[in-house]
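Written below as structure tokens is the structure these notes are about.
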Amino acid sequence: MMRRLLACGCLAAAAMTIVVGCLSVPGAVTAQGAGARYAVTLTIEEGDTADIVVDRGAADAVVVTATMPQMGHVTPEAAARRLAPGRFRADGDLFTMDGVWEVSVRVSGTAGEEVIPLTVLVAS
């Protein structure tokens with residue numbers, strides 16, 4: 001009985017891996033989120049660059065942190081450099097593997113500071 005349960009569990013895990021792999025398309029991933037003060041659009045290219053557009057609110061600074069709770073991964077905070085008013089870019093290995101990541105975008109500006117949570121599926 002125990003072998004049968006273990007075999008079913010392994011098959012279920014393998015099936016989920018295949019399904020997630022088939023559903024995820026390599027390339028840019030975009031997510032949008034909003035809080036009381038700011039609204040942002042996050043675009044991830046190849047897992048190492050995050051472009052952030054502040055759609056609502058005047059932002060002076062943006063910091064990005066990513067976690068993958070299922071695997072226990074947490075990336076260090078990445079301060080995004082300002083490209084233009086309302087446009088920022090964070091570079092580096094933000095996403096160390098494919099999968100579902102929870103991204104915190106901390107925006108600071110004249111309206112104060114706010115953290116906007118986003119969930120993204122990263123695939124290379």
Side-chain angles (χ1 to χ4, degrees):
M1 180 68 167
M2 189 61 143
R3 278 187 171 172
R4 207 174 259 178
L5 286 174
L6 183 59
C8 287
C10 289
L11 285 174
M16 283 302 290
T17 301
I18 291 169
V19 168
V20 169
C22 291
L23 293 177
S24 60
V25 177
V29 175
T30 301
Q32 294 180 316
R37 299 178 181 122
Y38 303 100
V40 298
T41 299
L42 171 75
T43 303
I44 300 165
E45 296 279 349
E46 301 291 323
D48 58 0
T49 301
D51 287 323
I52 302 99
V53 176
V54 180
D55 301 311
R56 180 171 37 95
D60 295 325
V62 171
V63 176
V64 178
T65 306
T67 61
M68 182 184 255
Q70 310 88 308
M71 300 299 286
H73 297 305
V74 178
T75 63
E77 286 189 343
R81 62 186 158 88
R82 187 178 185 160
L83 301 175
R87 296 187 176 276
F88 298 83
R89 176 171 289 155
D91 295 309
D93 287 330
L94 298 172
F95 308 96
T96 55
M97 65 184 300
D98 291 355
V100 178
W101 287 84
E102 295 177 7
V103 180
S104 296
V105 179
R106 184 167 32 115
V107 183
S108 303
T110 55
E113 184 175 281
E114 184 169 40
V115 176
I116 300 172
L118 303 168
T119 302
V120 295
L121 175 60
V122 175
S124 55

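Nothing here was measured: the structure is a model prediction, and the numbers come from that model. Residues: numbered from 1 along the sequence shown.
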Which pair of heavy atoms, one from E113 and one from S108, lies closest together, and at what distance?
OE1-OG, 3.2 Å
Under 3.5 Å donor-acceptor, Y38 side chain and G112 backbone
yes
Look at the side-chain heavy atoms of Ile, Leu, Val, Met, Phe, Trp and Tyr, link any pair under 4.5 Å apart, and say whether M97 and V120 land in one connected group.
yes
From L94 CG over to E45 CD, what is the distance, rounded to the nearest 0.5 angstrom?
12.5 Å
Strictly distance-based, threshold 3.5 Å: is any side-chain N or O of R106 a donor or acceptor partner for the main-chain N or O of A61?
no
Quick check: closest heavy atoms across S104 and V115, and the distance to 0.1 Å?
CB-CG1, 3.9 Å
Could you give the distance from OG1 (T96) to CE (M71), rounded to the nearest 0.5 Å?
9.0 Å
Any idea which heavy atoms bring A34 and I116 closest together, and the distance?
N-CG2, 3.8 Å
If I compare all heavy atoms of T43 with all of A28, which pair ends up nearest, and what's the gap?
CG2-CB, 4.2 Å
Taking everything shown except R87 itself, do over 12 heavy atoms lie less than 6.0 Å from its CZ?
no
Would you please classify the geometry between the F95 ring and the W101 ring as parallel, tilted or perpendicular, with 30° and 60° separating the classes?
perpendicular
Looking at every non-hydrogen atom in both residues, tell me the closest pair between A90 and A80 and how far apart they are.
N-CB, 3.9 Å
Distance-only, no hydrogens or angles: does the E114 side chain make a donor-acceptor pair with backbone N or O of A36 under 3.5 Å?
yes
Are side-chain heavy atoms of V40 and L42 found at a separation under 4.5 Å?
no
V103, V53: one ILVMFWY side-chain cluster at the under-4.5 Å cut-off?
no
Heavy-atom side-chain proximity of R81 to D91 below 4.5 angstrom
yes
Would you say T75's side chain and A66's backbone share a donor-acceptor pair under 3.5 angstrom?
yes
Nearest heavy-atom neighbours spanning V29 and L121:
CG2-O, 3.3 Å
Same cluster or not: V74 versus L118, using hydrophobic residues (I, L, V, M, F, W, Y) connected whenever any side-chain heavy atoms lie under 4.5 Å apart?
no
Side-chain heavy atoms under 4.5 angstrom apart, residues restricted to Ile, Leu, Val, Met, Phe, Trp, Tyr: same cluster for V54 and V63?
no
